[in-house]
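Note sheet for the following structure.
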Amino acid sequence: MHVSASSGALIKCALFSSKTGVYSRVVHTQHPVISPHNVGKSLRRIVCYSRCQQSSSTMQRAATAPEAPVHEPASAKEAPGAGKRKSDESGEPETRQRGKRRRGAGGKKLRPGERYVPPPQKRNPGVSFSQEHFDETSYYFEGGLRKVRPYYFDFKTYCKGRWVGKSLLEVFKSEFRAESIEYYEKAAQQGRIRLNDAAVEDLSVVLRNNDLMKNTVHRHEPPVVGTPLQILVDDGEVLVVDKPASIPVHPCGRFRHNTVIFILGKERGMSELHTVHRLDRLTSGVLLFARTLESSKRLDQLVRDRQLEKEYVCRVEGEFPEGELICEEPILVVSFKIGLCRVDPKGKECRTVFQRLSFNGKSSVVRCLPLTGRTHQIRVHLQYLGFPILNDPIYGSLAWGPNRGKGGLVGKSDEELLQALVEEHQSEDSLHLMDLPHDGVGLKEVDKNDASDIKEKSVGSTEPKHQESLQAETCGGDAGCSSNNEPRNEANGDTNRDDTAPTSAEGCAAGSAQEAPRDQLCSECKLVRPDPTEKDLIMYLHALRYKGPDFEYATRLPDWAKEDWVDAK
């Protein structure tokens with residue numbers, strides 16, 4: 001019996017030359033049909049070719065090293081390359097065995113003064129936290145706030161392409177400007193800066209591709225509201241939480257333990273959660289997690305097919321028009337580092353439906369139905385319509401111009417807009433609302449022409465003040481987005497903790513915040529910061545309801561969304 005083939009079969013065979021001792025490959029293409037007889041011939045040729053390759057490899061090794069001993073291939077249990085990338089598995093078995101015994105040089109004989117650079121490790125595509133991570137430190141509550149006792153942590157990052165050939169000193173000067181060069185020099189002297197797990201004493205060392213940099217710091221997290229996380233639904237498939245404002249969904253920037261995922265893990269023993277969508281740090285309301293991979297895929301598909309209906313409420317400035325108002329202006333990301341967006345013809349398509357619910361003479365409560373999931377979609381569309389959220393620290397800012405971005409009119413370049421936003425929050429001592437990167441990476445994007453550090457302008461000292469990191473808004477923001485796992489941002493901190501830290505997290509967790517040991521290099525330990533106010537922690541935007549084909553999850557209406565609410569300012 002013959003089976004028709006729509007494409008030709010590709011058959012390889014190898015010819016051995018007795019003169020050169022080298023196999024040459026010949027490729028033949030056949031088109032007509034595939035029969036059992038042809039299949040048998042093809043299989044015999046493939047087996048022959050495979051044996052020829054093995055014989056060639058053996059002869060070549062014998063020719064180059066005739067007296068080398070013959071090693072048996074390493075067993076599956078002992079194979080050191082099992083967890084590495086494919087590019088790292090191309091070496092001979094003997095080399096891999098030698099590399100395992102000589103761990104410091106990877107099996108390679110180093111010349112005097114030569115530094116070994118290991119291959120990059122295989123990265124876990126998902127994010128999961130264990131009890132070891134949760135035990136790094138502990139919470140305490142004060143003045144209605146949830147606070148985290150300071151602890152030691154390792155920030156890790158692989159050498160980026162633009163750093164190759166530069167010294168550590170140059171990289172710290174140009175990109176890690178949250179601390180002074182004097183700080184990094186002292187940190188190196190104390191063994192806190194490591195390159196490929198080896199302590200760096202001289203910052204003049206030149207970086208190479210695949211270098212793994214590690215910086216051990218004394219970490220202080222900003223406080224968040226002390227409101228407990230309320231579990232709305234937990235049926236073994238889906239976990240639904242009523243998220244308070246000010247708490248990020250997952251670790252990012254300066255936030256790690258003061259995040260929804262860590263609070264659930266530390267206080268309720270819930271781990272291995274799959275993120276279905278995200279909310280802004282300052283946004284409250286319905287937050288969905290999948291408990292199993294199957295339910296995660298199902299919810300993810302609902303989001304992709306736009307079968308997940310999302311309803312938000314917010315309070316905006318002025319008298320919002322009555323009736324239904326639809327905004328379909330495209331949105332463009334201005335800065336991925338800060339998560340800043342604006343309306344632009346080059347942006348992605350968006351559609352948001354608005355409806356006024358009430359008006360108290362000064363501000364309006366508006367129902368929002370985002371039909372797409374762009375970054376900051378609701379906030380950007382409301383700004384474009386001329387009704388920004390009442391206390392939006394970004395899109396209600398005067399840095400957008402006299403009309404504050406109404407109609408998409410800004411009159412500034414992206415760089416000028418970013419700089420204006422930074423300067424406005426500097427003057428108000430509220431840079432923490434900008435969610436600037438904690439480690440200083442990305443500050444060049446804010447001001448490319450001025451090498452001076454933003455932190456020095458904001459506080460007039462060598463300590464960064466209220467510089468917080470990029471939040472989850474960059475992956476869907478207030479309109480929600482689909483993601484099964486959170487991305488690891490290694491520049492801002494890896495999820496693993498190194499036991500070589502100068503002191504243990506448990507030491508920092510002992511006693512109250514005042515009793516926690518101070519670190520001699522930590523600039524935060526030298527400061528006494530005032531607690532944030534409600535204005536700093538809450539934005540009048542709330543995820544009220546998420547509805548699917550066979551489920552609906554909702555929270556109660558916030559106090560600020562009620563008709564008789566009056567601004568206390």
Side-chain angles (χ1 to χ4, degrees), residues 243 245-246 279-286 310-331 339-343 350-410 421 424-425 428 430 433-434 473 476-480 533-545 555-569:
K243 184 186 93 68
S246 79
L279 297 176
D280 290 0
R281 178 172 58 87
L282 298 179
T283 302
S284 58
V286 176
K310 300 162 284 186
E311 179 181 351
Y312 288 68
V313 291
C314 63
R315 182 171 286 276
V316 303
E317 297 182 12
E319 185 176 1
F320 198 84
E322 292 184 335
E324 188 177 88
L325 182 60
I326 300 176
C327 185
E328 296 181 313
E329 296 296 325
I331 291 180
L340 183 68
C341 301
R342 62 177 171 82
V343 166
C350 294
R351 181 181 173 89
T352 314
V353 179
F354 298 102
Q355 181 183 15
R356 193 181 85 182
L357 299 180
S358 64
F359 174 60
N360 67 358
K362 293 183 178 180
S363 58
S364 305
V365 176
V366 178
R367 178 174 181 253
C368 315
L369 303 176
L371 303 183
T372 50
R374 307 304 179 196
T375 304
H376 291 179
Q377 178 175 322
I378 293 175
R379 300 165 66 181
V380 174
H381 275 176
L382 286 171
Q383 180 201 48
Y384 178 85
L385 295 173
F387 300 94
I389 293 176
L390 187 60
N391 58 348
D392 192 326
I394 303 299
Y395 299 100
S397 169
L398 292 174
W400 294 85
N403 295 322
R404 291 188 293 178
K406 180 179 180 180
L409 301 177
V410 180
L421 283 167
E424 177 178 324
H425 285 285
E428 298 177 2
S430 58
L433 300 179
M434 280 284 291
E473 299 92 304
D478 46 35
T533 63
E534 181 178 339
K535 175 185 175 183
D536 300 325
L537 299 176
I538 296 177
M539 182 172 60
Y540 299 147
L541 178 62
H542 181 81
L544 184 66
R545 181 177 291 104
T555 66
R556 66 177 183 84
L557 207 63
D559 292 339
W560 53 258
K562 298 177 180 178
E563 292 188 29
D564 58 351
W565 179 83
V566 178
D567 193 350
K569 291 190 299 183

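Positions are given from 1 along the sequence. Heavy-atom basis, side chains included; hydrogens, waters and symmetry copies ignored.
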- Item | CD-NE2 distance between Glu311 and His542, expressed to the nearest 0.5 angstrom | 10.0 Å
- Over all atoms of both residues, closest heavy-atom pair of Ser397 and Pro393: CB-O, 4.0 Å
- Message: Whether the side chain of Ser364 engages the backbone of Gly318 through a donor-acceptor N/O pair (distance < 3.5 Å, no angle test) should be reported.
- Response: yes
- Identify the two heavy atoms, one from Ile394 and one from Leu340, that lie closest to each other, and give their separation to 0.1 Å. CG2-CD1, 3.4 Å
- Query: Okay, side chain of Gln383, backbone of Tyr395: is any donor-acceptor separation there less than 3.5 Å?
  - Reply: yes
- Message: Checking the side chain of Lys310 only, and the main-chain atoms of Ala543 only, is there a donor and an acceptor separated by less than 3.5 Å?
- Response: no
- Message: Any non-hydrogen side-chain atom of Phe359 less than 4.5 Å from a side-chain atom of Glu322?
- Response: no
- Evaluate whether atom CD of Glu534 has more than 12 neighbouring non-hydrogen atoms of other residues, nucleotides or ligands under 6.0 angstrom away. no
- Message: Has Asn391 got a side-chain atom pairing as donor or acceptor with Lys535's backbone, closer than 3.5 angstrom?
- Response: no
- Query: So, do Leu390 and Asp567 sit near enough that their side-chain heavy atoms are less than 4.5 Å apart?
  - Reply: yes
- Verify side-chain contact (heavy atoms from CB on, under 4.5 Å) between Thr283 and Met539, making sure each step is shown before the conclusion. CA-CA 6 Å; Thr283 302; Met539 182 172 60; 3.6 Å; yes
- Item | Cationic N near anionic O, under 4.0 Å, Asp280 to Arg379 | yes
- Query: What closest approach, in Å, do Val365 and Arg315 show between heavy atoms, and which atom pair accounts for it?
  - Reply: CG2-NH2, 3.1 Å
- Item | Closest approach of Lys243 to Arg281 (non-hydrogen atoms, all atoms of both residues) | NZ-O, 3.2 Å
- Message: Just verifying a value: how many Å separate Cys314 SG and Leu357 CG, rounded to the nearest 0.5 Å?
- Response: 9.0 Å
- Message: Once rounded to the nearest 0.5 Å, what's the spacing between atom NE2 of His376 and atom CD1 of Ile389?
- Response: 10.0 Å
- Note on the structure: Here the gap from Ile331 atom CD1 to Cys350 atom SG, rounded to the nearest 0.5 Å, amounts to 3.5 Å
- Apply the test side-chain contact (heavy atoms from CB on, under 4.5 Å) to residues Trp400 and Leu421: give CA-CA distance (whole Å), side-chain angles for both, the deciding distance (0.1 Å), then the verdict. CA-CA 8 Å; Trp400 294 85; Leu421 283 167; 4.1 Å; yes
- Note on the structure: d(Arg404 CZ, Asp392 CG) to nearest 0.5 Å is 10.0 Å
- Message: Using 30° and 60° as the class boundaries, would you call the ring planes of Trp560 and Tyr540 parallel, tilted or perpendicular?
- Response: tilted
- Message: Between Asn360 and Ser358, is the side-chain contact (heavy atoms from CB on, under 4.5 Å) condition met? List the steps.
- Response: CA-CA 7 Å; Asn360 67 358; Ser358 64; over 6 Å; no
- Message: Could you check whether any side-chain N or O of Arg367 sits under 3.5 Å from a backbone N or O of Gln355, counting only pairs where one atom can act as donor and the other as acceptor?
- Response: no
- Taking Glu329 for the side chain and Val343 for the main chain, is one N or O donor matched with an acceptor at less than 3.5 Å? no
- Query: If every non-hydrogen atom of Phe354 is compared with every non-hydrogen atom of Thr352, which pair is closest and at what distance?
  - Reply: CZ-CG2, 3.4 Å
- Message: Between Leu557 and Leu544, does the side-chain contact (heavy atoms from CB on, under 4.5 Å) criterion hold? Intermediate values first, please.
- Response: CA-CA 7 Å; Leu557 207 63; Leu544 184 66; 4.0 Å; yes
- Message: If I take atom CG from residue Leu382 and atom CG from residue Leu385, how far apart are they, to the nearest 0.5 angstrom?
- Response: 6.5 Å
- Task: Taking all non-hydrogen atoms of both residues into account, name the closest pair between Ser284 and Ala245 and its distance.
- Result: CB-N, 3.7 Å
- Message: Quick check: do Ile378 and Tyr312 have side-chain heavy atoms less than 4.5 Å from each other?
- Response: yes
- Query: Donor-acceptor pair, Arg374 side chain versus Arg351 backbone, under 3.5 Å?
  - Reply: no
